[in-house]
2 protein chains.
Amino acid sequence: MAIPASPKPRQRRSSDTPTRILDVAERLAQRRGFNGFSYADIASELKITTASLHYHFAGKAQLGRAILARYADRFAQALDGIESRVPDAHARLLAYAELYASVLRERRLCLCGMLAAEYQTLPKPMRDSVIHFFDENESWLMKTLEAGRAEGQLRFSGSARDAARMIVGGLEGAMLLARPYGDVPRFQCAAEQLLQGFFPNAADPQSGD
Amino acid sequence: MAIPASPKPRQRRSSDTPTRILDVAERLAQRRGFNGFSYADIASELKITTASLHYHFAGKAQLGRAILARYADRFAQALDGIESRVPDAHARLLAYAELYASVLRERRLCLCGMLAAEYQTLPKPMRDSVIHFFDENESWLMKTLEAGRAEGQLRFSGSARDAARMIVGGLEGAMLLARPYGDVPRFQCAAEQLLQGFFPNAADPQSGD
DNA sequence: GTCTATAGGCAGATAGAC
DNA sequence: GTCTATCTGCCTATAGAC
């Protein structure tokens, strides 16, 4: 029920052609941007032709939609996974930041962070998916923050919505800057500082140096 | 001395061809990304030919370097301006965030935020300039934060370097996300939250709702 | 499903006239 | 400095054989 069985458990490892195309395209989009790769890049890596690519994904716009749809699904599953595995709100925030760190470790940007930069050049359906992704993140964080505040595990002064937006933006920005430096700890350090204000047990931020 | 006079004060408004080219190219780069515009885009807007563009900037890579050099100069001047006009550290941080807001109001991203996303596709000299830009921002913020802490106007627990990096990343990310929504207040709200932890006079962040 | 072959357009770039 | 004309290459995309 919760985990629907794959409709066709044929191949050993998820490696049917559409999936492999999406895997490569997604990685290229996260590393080089949606405007930074071509059908030829995917085709050469998979040793197929661009004509074959067009059989599976009629155009780059449709490919982009498919990448985004799969990415959003996977992200939603990851958030569900946090909720089922991690009981307390404090740890959930850290687990949320760790999702970003794991992407950065592959020298990728968050797909939607990248697409947010390219937003003005994207076809309308992709724009809508990017917005939807951030809305979903905001909702999940709001839910988490409010629950944590009710339980006394988290503290924050303003609205949960504003706090959620600051967290998403802060993590996306920390990722954006850490990647050119090739410096994952740089991201982690920023993420910790960003979140520490929400933890009541944190040392008072007034010690000197 | 501080403000060197323009070498050739010929035209009424800064409108020699190289400057107009840089103006258009910079705006396109900040809105669509460096990979999101072409020589033809600039040429058609200025009603010149791409051949003329090549006379002033031999290639897109050189144009990119010129855009970055001018942008970095202007940003450094803006930081100097804050230091000369704004006396206290608290207000300097707010003025710093306002620099970002003024860019966002033109529906642009910070040039180097945009180029950070496209980093893997940039020619080496542009990469170096992007890194240098963020290093300069970090230095300026460190200086400002340390002075503010010494004067008792700012408080923060970790190193000034880590705090500076969190601020740059946080503002860049808040910009990145606010733009797709076309929502400048969204940025300002995130910026305020990001900075409020540095202000000792802020209300303790434990009030309920 | 995958291929060969190719179309049509746009990219960055250059030569040479004015 | 700006132009016309052109080049080469890459881009997305399609037709049609296998």
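Note on naming: letters A, B, ... go to the chains in the order of the sequence lines (proteins, then strands), and numbering restarts at 1 for each one. Hydrogens, waters and symmetry mates are skipped; everything else that's a heavy atom, side chains included, is used.
Distance B/Asp41 CG to C/dA13 C1': 16 Å, rounded to the nearest Å. With rounding to whole Å, B/Asn35 atom CG is found 16 Å from D/dC10 atom P. Taking atom OH of A/Tyr39 as the reference point, atom P of C/dC10 lies 19 Å away to the nearest angstrom. Look at CZ on B/Phe37: it is 18 Å from C1' on D/dC11, rounded to the nearest Å.
The end-to-end axis angle of the helix from C/dG1-D/dC18 to C/dC18-D/dG1, rounded to 10 degrees and based on five pairs per end, is 0°.
Nearest heavy-atom pair across B/Phe187 and B/Ala174 is CD1-CB, 3.6 Å.
When B/Ile82, B/Leu93, B/Val86, B/Ile167 are each tested for a side-chain contact (heavy atoms from CB on, under 4.5 Å) with B/Thr144, only one passes: B/Leu93. Tested against B/Trp140 for a ring pair (Phe, Tyr, Trp, His ring centres under 6.0 Å), the candidates B/Tyr96, B/Phe133, B/Phe134 yield a single pass: B/Tyr96. When the options A/Ile131, A/Leu68, A/Thr121 are evaluated for a side-chain contact (heavy atoms from CB on, under 4.5 Å) with A/Met126, the one that passes is A/Leu68.
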Can you name the atoms? Protein N/O to nucleotides 3-6 of chain D N/O, anything below 3.5 Å, with the distance.
unit_1	atom_1	unit_2	atom_2	d
D/dC3	OP2	B/Thr49	N	2.8
D/dC3	OP2	B/Thr49	OG1	3.2
D/dC3	OP2	B/Ser52	OG	2.9

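Salt bridge present: A/Lys143 and A/Glu83 bring a charged side-chain N and a carboxylate O closer than 4.0 Å.
Within residues 53-67 of chain A, the residues approaching DNA chain C are A/Tyr55, A/His56, by heavy-atom distance under 4.0 Å.
With C/dT2, C/dG12, D/dT12 as the choices, the nucleotide that has an atom nearest any side-chain atom of A/Thr17 turns out to be C/dT2.
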